[in-house]
Amino acid sequence: RGGGARRKTVSGFSVDQNAATAFKARVISKSQSETDYLIEVLANNSLFAHLDDRELKIVVDAVQREVYRKDEWIYKQGDYDEEGDNFYVLQTGTASEIVEGEHEKTRKLGPNSTFGETELMYCAPRYSGVKVDSAEVVVWGLDRPTYTQMMAGMAAKKREKYYEFLTHVPFLKPLTHEERVQLADALQPHRAKDGDLLIEYGEEGQWFYIIIEGAIEVFGRDKDGKR
């Protein structure tokens, strides 16, 4: 297309770390079934998979329910909001994500689909548009400023908590402050259910665990390898 406006530059979203740490996310009332549904969907999304259960609940509390009708655009390709575009979870209904251009692309969206991830992370025009196909769709939206402040605040608090744990691990005492911070940042939550096996006797060790919540049982072996 000739003579069009210049495409806005993709950029990140600056965050005041002190403000992020003190940030209190909004809490929008939801039923238990809605909360459970959103936790399940977001836990399997790459943007939120690193969060623990408590942090996921904070995100779920902040998302807002929206309803759109057939042929409405949830957003259009090229839309741009400096204050922050939304990320969405589609709960019910169907829609189409459309990338217009010389080679138009369409992706069908149904229940449990997510969209708008890129614009949640970066200040950029919408790469695609999303139009409602069914009589109605129910979506849950999260705006970029809320997401950015929550993620930055959670990361800072998690670093502080994990760092404190690491200071009490004897074999990590030789680490410098910087090394301990890097290790704290590298730790990721792992959810285990009652009966799950974390470490198998005789297997090569691959993981280092810190128990944040709950309790575990450790079973030894005798000289014959019997439990």
Side-chain angles (χ1 to χ4, degrees), residues 5 7-69 72-99 107 109-132 136-158:
R7 180 177 174 84
K8 293 181 175 63
T9 302
V10 175
S11 63
F13 193 80
S14 60
V15 179
D16 182 315
Q17 289 297 325
N18 290 329
T21 302
F23 178 73
K24 298 293 184 184
R26 66 193 181 192
V27 177
I28 298 173
S29 180
K30 298 173 182 67
S31 68
Q32 188 60 53
S33 62
E34 289 172 335
T35 297
D36 292 343
Y37 166 76
L38 288 166
I39 286 176
E40 181 178 358
V41 173
L42 294 181
N44 291 294
N45 184 282
S46 59
L47 291 180
F48 307 98
H50 65 287
L51 301 181
D52 61 31
D53 292 342
R54 182 188 60 81
E55 292 166 333
L56 269 176
K57 178 61 164 58
I58 293 173
V59 174
V60 166
D61 284 343
V63 301
Q64 183 165 326
R65 186 178 185 270
E66 300 176 19
V67 178
Y68 293 87
R69 310 295 178 187
E72 280 190 311
W73 290 89
I74 298 176
Y75 55 76
K76 294 184 178 181
Q77 184 173 333
D79 283 355
Y80 180 76
D81 184 352
E82 292 186 356
E83 295 301 314
D85 290 310
N86 279 13
F87 157 82
Y88 292 99
V89 174
L90 195 158
Q91 183 173 10
T92 61
T94 58
S96 293
E97 182 179 36
I98 303 168
V99 180
R107 177 171 73 110
L109 304 171
N112 307 333
S113 296
T114 60
F115 51 97
E117 285 91 341
T118 300
E119 295 83 3
L120 188 67
M121 297 184 291
Y122 303 104
C123 297
R126 291 289 190 183
Y127 168 74
S128 61
V130 175
K131 188 176 183 180
V132 178
E136 176 182 283
V137 299
V138 174
V139 297
W140 296 89
L142 178 67
D143 64 275
R144 188 193 322 122
T146 299
Y147 168 81
T148 305
Q149 294 282 5
M150 283 195 301
M151 293 301 108
M154 289 175 185
K157 292 173 183 176
K158 183 177 289 184

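Note that these values count all heavy atoms, side chains included, but never hydrogens, waters or copies made by symmetry. All values reported here derive from a predicted model rather than from experimental measurement.
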Could you check if a side-chain atom of [X] sits within less than 4.5 angstrom of a side-chain atom of [Y], using non-hydrogen atoms only?
X: Arg26; Y: Asp143; value: yes
X: Lys30; Y: Val63; value: yes
X: Phe115; Y: Ile74; value: yes
X: Glu34; Y: Val60; value: no
X: Tyr127; Y: Thr118; value: no
X: Arg69; Y: Val132; value: no

Derivation and outcome, salt bridge (charged side-chain N to carboxylate O under 4.0 Å, His left out), residues Asp61 and Lys57: CA-CA 6 Å; Asp61 284 343; Lys57 178 61 164 58; 2.9 Å; yes
If every non-hydrogen atom of [X] is compared with every non-hydrogen atom of [Y], which pair is closest and at what distance?
X: Asp79; Y: Lys76; value: OD2-N, 2.8 Å
X: Leu56; Y: Ala43; value: CD1-CB, 3.7 Å
X: Pro125; Y: Gly78; value: CB-O, 3.9 Å
X: Ala95; Y: Leu90; value: CB-CD1, 4.1 Å
X: Leu120; Y: Arg144; value: O-CG, 2.7 Å
X: Pro111; Y: Gln91; value: CB-O, 3.3 Å

Pair Phe48 and Tyr147, ring centroids less than 6.0 Å apart: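 Under 6.0 Å, so yes.
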query: With sequence neighbours excluded, what pairs up with Glu117 under the salt bridge (charged side-chain N to carboxylate O under 4.0 Å, His left out) test?
result: none
Sub-3.5 Å donor-acceptor pair from the side chain of [X] to the main-chain atoms of [Y], do we have one?
X: Asn45; Y: Leu47; answer: yes
X: Ser113; Y: Gly110; answer: yes
X: Arg126; Y: Glu119; answer: no

- request: Report the C-alpha separation of Leu51 and Met151 in whole Å, then their side-chain angles, then the decisive distance to 0.1 Å, and conclude whether the side chain to side chain contact (heavy atoms under 4.5 Å, CB included) test is met.
  value: CA-CA 9 Å; Leu51 301 181; Met151 293 301 108; 3.9 Å; yes
- prompt: Any chance the side chains of Glu40 and Asn44 put a donor and an acceptor closer than 3.5 Å?
  reply: no
To the nearest 0.5 angstrom, please state how far the [atom1] atom of [X] sits from the [atom2] atom of [Y].
X: Asn86; Y: Glu66; atom1: CG; atom2: CD; result: 6.0 Å
X: Ile39; Y: Asp53; atom1: CD1; atom2: CG; result: 7.0 Å
X: Thr92; Y: Asn112; atom1: OG1; atom2: CG; result: 10.5 Å
X: Lys131; Y: Leu109; atom1: NZ; atom2: CG; result: 14.0 Å
X: Ile28; Y: Leu142; atom1: CD1; atom2: CG; result: 9.0 Å

- request: For the pair Tyr88 and Val130, evaluate side chain to side chain contact (heavy atoms under 4.5 Å, CB included) and give the outcome as yes or no after the intermediate values.
  value: CA-CA 11 Å; Tyr88 292 99; Val130 175; over 6 Å; no
